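Worksheet for the structure shown next.
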Amino acid sequence: MVEKILVANRGEIAVRVLRAIREAGLTGVAVYTDIDRRALHLAHADEAYPVDSYLNSQAILEAARRAGAGALHPGYGFLSENAGFAALCAEAGLVFIGPAATAIRALGSKTAARDMAVRAGAPVVPGTDGPVRDISEARRVAAAIGYPVLIKAAAGGGGKGMRLVEKEGELESALRDAASEAERSFQSGEVYIEKALIRPRHIEIQIFGDNYGNLIHFGERECSIQRRHQKVIEECPSPLVANNPAMRQAMGEAALRVARAAGYTNAGTAEFLVDAGGRFYFLEMNTRLQVEHPVTELVTSVDLVHMQLDAAFGGKLALRQDEVTWRGAAIQCRLYAEDPANQYFPSPGRIDRLRMPSGPGIRLDNGVYEGWTVPIDYDPLLAKLCVWAEDRPKAIARMQRALRETEILGIANNVAFFRQVLADARFVSGDLHTGFLKDFDYRPDTALSEAELEAAIAVLAAAEPKQARAPLVVRSNWSRQ
Amino acid sequence: MKRILIGAETEKEIEFDPSALPFQTLEDGTSLVLHGARVHRITHAGRRLLVNGKEVSLTLADPRNRRRNGSGKDDSGRRDIKAAMPGKVVKVLVEPGQAVDAGAGLLILEAMKMQNEVRSPGAGAVGAVRVTVGDTVASGQVLVTLE
């Protein structure tokens with residue numbers, strides 16, 4: 001019986017998993033780099049071991065050996081989708097809390113996952129079956145599926161090695177550029193071609209399997225609000241799917257067919273693009289816990305991390321597919337240390353002030369505290385602010401209320417940005433697509449009314465009593481409406 | 001009591017007595033200012049304030065120091081270009097003596113794998129470049145001076 005679990009991660013997800021470990025009555029082991037020696041996740045651990053990097057598999061395995069840990073949770077990012085690391089854990093006698101190395105490997109490359117989806121009968125975006133060999137094959141494929149097309153790196157992600165081609169004249173140079181960028185970024189110049197969907201939604205299906213072949217899904221999450229191909233707002237249910245149980249069932253079954261073909265166990269997510277006509281296409285499988293898993297938990301009343309622990313230790317799935325139910329609506333805003341008015345540029349630095357919301361329907365998965373310096377070295381995610389309410393309009397109103405209670409000073413952040421996005425008529429209507437934020441014109445609101453300015457001066461004057469008695473000069477970036 | 005209000009580009013005098021406004025500072029540091037019956041929620045850390053959720057920069061200072069504490073320009077017209085955020089210098093695009101237009105790229109900073117070009121806020125000549133490639137800079141650190 002495993003009693004000690006090492007969490008090979010940092011930030012809010014390490015806190016999330018360590019909390020579940022405590023709730024399960026087990027001992028949580030953290031690892032930390034020198035930069036993170038005062039990080040919040042250490043406060044949720046029973047033991048902590050230094051490592052030089054969260055990517056150093058040997059150092060992490062050594063920490064697990066010294067701790068006498070029987071299992072390892074990888075979180076997301078870092079080593080979580082590294083099949084070689086999962087295999088090393090198994091060799092070292094550590095239970096890897098996630099799918100088997102074989103399943104990670106089978107779904108690891110986008111083209112391999114696509115092949116598997118095609119064989120399993122899940123719809124995929126029309127395009128080449130594998131890497132495209134030369135320009136004549138590219139011309140033939142693009143003409144057959146119709147322009148516009150997307151060229152993508154086979155080993156890629158994050159938009160690297162990706163080119164949109166509107167017409168045949170642009171194909172040859174775009175193919176060359178994409179291949180050389182892919183070569184530089186991923187040490188593999190292999191690219192493939194698929195039909196470019198216009199204003200697609202990004203909708204994904206949460207799946208879960210035990211070690212005995214039982215696989216079920218927990219419905220969808222809408223993740224269309226993205227910047228730089230990274231999600232910032234996620235919802236469950238999707239406004240498109242919420243009133244369309246047949247679509248949820250069809251997407252769920254497609255996700256499960258791919259998972260079954262890969263021999264999938266534990267938590268995973270099948271990502272789909274959905275076109276304007278509501279047709280969905282399998283994109284890839286994320287073989288780990290997702291950043292946005294809380295919205296599914298809030299609406300389906302399950303705890304996916306507890307389920308991960310149970311399944312990894314040989315527990316049988318406690319739920320049948322027909323016992324999974326969806327109630328209400330949940331929204332997650334990813335609070336980032338970044339400047340939405342300046343191309344979302346990361347803004348590490350000291351958090352001078354931090355007040356987080358509470359009250360009915362709020363769930364906060366937080367990884368930082370007041371006085372902590374957000375390091376320059378890691379992802380700028382501070383916390384995930386989630387709300388649940390009876391329906392989507394109430395969830396939006398609750399999120400607006402929660403954002404008004406949130407105070408972050410000292411680093412640029414996206415709290416005020418979310419308040420504007422959530423007030424946008426298109427967002428409220430649920431008419432979303434992955435280019436939503438490209439079309440969204442964010443203007444920080446720094447205009448103070450006369451009354452607000454006077455109120456601010458009163459507070460500042462009281463904080464600096466000497467100056468309050470002298471004639472005052474007020475300097476500001478405040479501007480009149 | 002007379003006060004002078006300086007915005008980003010303008011200054012003007014206002015008549016206002018801050019002690020006339022009642023306010024309460026709560027235990028967690030948030031101040032509630034009552035303007036009539038209207039509640040304004042204010043919190044601050046140094047010169048950064050959140051006023052009803054809107055982030056602004058405000059300072060109170062003695063009017064005699066006003067010139068020295070202006071918008072980054074001193075009497076000679078020299079202007080310091082500072083890092084808006086911490087980062088690492090990955091490229092320097094200008095050299096001392098070089099004339100630059102408003103919006104011209106001065107250098108490139110990188111943080112958390114994101115690159116950001118620091119641009120000139122106005123036309124002028126580069127006086128000094130205070131950093132070199134590979135330097136890690138703090139928020140507010142002077143990168144380049146313009147003349």
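Below, chain A is the first sequence line, B the second, and so on; all start at residue 1. All of these numbers come straight from a predicted model, not from anything done at the bench.
To the nearest 0.5 Å, atom CG of residue A:L335 and atom CG of residue A:N366 are 8.5 Å apart.
Within the structure, the salt bridge (charged side-chain N to carboxylate O under 4.0 Å, His left out) test picks out the following pairs touching residues 119-140 of chain B (sequence neighbours left out): B:E117-B:R119. Applying the ring-ring contact (aromatic ring centres under 6.0 Å, His included) test to pairs two or more places apart or on separate chains, those with a residue in residues 342-362 of chain A are A:Y344-A:F417.
Of the residues considered (A:A412, A:A456, A:A416), A:A456 shows the highest number of contacts with chain B, using heavy-atom pairs under 4.5 Å. Chain A forms more heavy-atom pairs under 4.5 Å with one residue of B:N116, B:V51, B:V33, B:I42 than with any other, namely B:N116.
A:I376 touches chain B through backbone and side chain together, each having a heavy atom under 4.5 Å away. Neither the backbone nor the side chain of A:L403 comes within contact range of chain B; no heavy atoms are under 4.5 Å apart. With a 4.5 angstrom heavy-atom cutoff, A:E338 does not touch chain B via any of its atoms. For a residue to count as touching a neighbouring chain, one of its non-hydrogen atoms must lie under 4.5 Å from one of that chain's; by this rule B:H40 touches chain A with the side chain only. With a 4.5 angstrom heavy-atom cutoff, A:P375 touches chain B only via backbone atoms.
Using non-hydrogen atoms only and a strict 4.5 Å limit, the part of residues 101-111 of chain B facing chain A consists of B:L109, B:E110, B:A111.
For A:E183, the salt bridge (Lys or Arg N to Asp or Glu O under 4.0 Å) test picks out no residue, with sequence neighbours left out.
If you check the side chains of A:R353 and B:T30, you find a donor sitting under 3.5 Å from an acceptor.
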Legend entry - Derivation and outcome, side chain to side chain contact (heavy atoms under 4.5 Å, CB included), residues A:L40 and A:W372: CA-CA 9 Å; A:L40 184 64; A:W372 161 250; over 6 Å; no
Legend entry - Working for salt bridge (charged side-chain N to carboxylate O under 4.0 Å, His left out), residues A:R443 and A:D441: CA-CA 6 Å; A:R443 302 266 168 96; A:D441 183 23; 3.0 Å; yes
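Taking the charged nitrogens against the carboxylate oxygens, A:R350 and A:D352 do have a contact shorter than 4.0 Å, which makes a salt bridge.
For the pair A:R227 and A:Y336, the cation-pi criterion (under 6.0 Å, within 45° of the ring axis) is fulfilled.
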